[in-house]
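These notes are about the structure you will find just below.
Owing to the predicted nature of the structure, the values given are computational and were not obtained by experimental measurement. Order of the sequence lines fixes the chain letters, A, B, ..., with proteins taken first and strands second; residue numbering starts at 1 for each chain. All values below come from the heavy atoms of this structure, side chains included, with hydrogens, waters and symmetry mates left out.
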Protein chains: 2
Amino acid sequence: MESVLSEAVALLDEAGAPALTFRALAQRLGGGVASIYWYVASKDELLDQATDHVMGAVLADVEGLARTDDPIDDLREMAVTLFDAIVARPWLAAYFMRNTTAQSNSLRLYERLGEQTLRLDLDARQRFHAVSAIVGVVVGSAIDLGQEPPQEVLDGAVDRDEFLGRYARAWRELDPEDFPFVHEIVDEFDGHDDVDQFRSALELTLTGLRLQAGPPPSSR
Amino acid sequence: MESVLSEAVALLDEAGAPALTFRALAQRLGGGVASIYWYVASKDELLDQATDHVMGAVLADVEGLARTDDPIDDLREMAVTLFDAIVARPWLAAYFMRNTTAQSNSLRLYERLGEQTLRLDLDARQRFHAVSAIVGVVVGSAIDLGQEPPQEVLDGAVDRDEFLGRYARAWRELDPEDFPFVHEIVDEFDGHDDVDQFRSALELTLTGLRLQAGPPPSSR
DNA sequence: ACCTGAACACCGTTCAAGT
DNA sequence: ACCTGAACACCGTTCAAGT
């Protein structure tokens, strides 16, 4: 079982979600296709289990973070840790958090994020929405990464900067009268860092949250 | 061509992304499978074009909104309009914005959102990040909806509330010592409204953005 | 308890051939 | 310019059968 999951993860890491097929997996395991069905009932379950398998390490990273006396700071560190894991494994974006009963590590991670909101002066609904918002920012920022990069990028024939550059070039050719905003930001877009982009989005949400929660308990 | 796209959209609306196959589409069009390849080069392109097709109406809705003198209020209305469209067509979540050169309506929508940030006192990078954040909130909140609802829900055998209720029941059985947060919010989760959840997440981001932009020009 | 080969019903895509 | 039938190489899944 352990080897089924780690080989499945290896396939996902090497070439993304489309590379994980029962036939490819069976070949790596040196067995027949049908054997895998002894361990999982379906491909969906295989994906859930593979995801939960790697989320175990992410959860450990999150739980290993030092706690501060500011829950918002802790939320930030946790969210960044989660995002970094998705940057390293873009296929994660589409699968983690999609089935929290089947993925116990994702549920625990959700719990750990939520516990920080228990330290804030919010009601239950605000807490629920706050954690949803933070997970949403992570997922929303990560989903771009999860998009299958065009085959050329996977092949290494074209790198990410070149890929962004092509878009940027197309955008620069748009009529500036019709697309003033696109022209305003095209230089920022060209070669931008996904982590920067994520951290900015996260910061807006955390700022909103801090305002909603009011002054910290220590100052009351 | 027009009928190819509208039948493709009809299939997506009726039963989600897995229902859109070349064979199913050909059957509805009363022709052979290979004919479709005269109009699109691949399934990916079919999906892009179908998405752009419906995004045309969304763009029109967004452009039809009344403008106020507060760009943040306008951003809110635009984002909600976009989100509503995704609630009505959950499959949109996965495809819109994934290829802005192939999807000209998505690019225009991106531009319209961005133009509101031109009215805020921000630099180019902040504007780029602000629009990314807002789109991220929309996508991050919508992606749950895009997950294939279990077949029972599509069949109408089980409705959404019943579906959420099952999760809630499982959550209530977790040890409250281990999962204090999950217990805190389980009643909020049970039967929650996705639009509420989205609006809360959006509000946190917009609050952060308002703070970042400083006082409105009129008060300077 | 664990694994297998072979089949089934589906995919997206291609291509030579038709009008 | 537009469409077709038939094939190809792939899928996930099942099942009777083996150890």
Between A/Trp171 and A/Phe179, does the ring centroid distance fall short of 6.0 Å?
no

Determine the Euclidean distance between corresponding C1' atoms of D/dC3 and C/dA16; express it in Å to zero decimal places.
13 Å

Describe the nucleic acid contact of A/Leu29 in one word from base, sugar-phosphate, nothing, applying a heavy-atom distance below 4.0 Å.
nothing

May I ask you to say what A/Leu20 touches in the nucleic acid, namely base, sugar-phosphate or nothing, with a heavy-atom cut-off under 4.0 Å?
sugar-phosphate

Report yes if at least one side-chain N or O of A/Tyr39 is closer than 4.0 Å to OP1 or OP2 of C/dC3; otherwise report no.
yes

Is any side-chain N of the basic residue among A/Arg169 and A/Asp190 closer than 4.0 Å to the acidic one's carboxylate O?
no

Who pairs with C/dT14 - Watson-Crick or G-U, where each distance is under 3.5 Å:
D/dA6

Out of D/dC11, D/dT13, C/dT14, which nucleotide sits closest to the side chain of B/Tyr37?
C/dT14

Nearest whole angstrom, please: distance from the P of C/dA1 to the CD1 of A/Ile36.
20 Å

In whole Å, what is the span from the CH2 atom of A/Trp38 to the C1' atom of D/dT14?
18 Å

When the distance from CG of A/Leu25 to P of D/dT13 is rounded to whole Å, what number comes out?
13 Å

Please report the distance, rounded to the nearest Å, between NZ in A/Lys43 and C1' in D/dC10.
12 Å

I'd like to know if B/Glu162 and B/Arg166 make a salt bridge, using a cut-off of under 4.0 Å between side-chain N and carboxylate O.
yes

Charged N-O contact under 4.0 Å between A/Asp187 and A/Arg172:
yes

B/Thr21 side chain reached by B/Leu25 side chain, heavy atoms, under 4.5 Å
no

Write down the distance between CG (B/Leu46) and C1' (C/dT13), rounded to a whole number of angstrom.
13 Å

What's the closest nucleotide to the side chain of B/Arg23 if the choices are D/dT13, C/dC2, D/dA7?
D/dA7

Give a yes/no answer on whether the side chain of A/Ser35 brings an N or O atom under 4.0 Å of OP1 or OP2 in C/dT4.
yes

Hey, which of these two, A/Ala34 or A/Phe22, hits DNA chain D nearer its 5' end, going by closest nucleotide?
A/Phe22

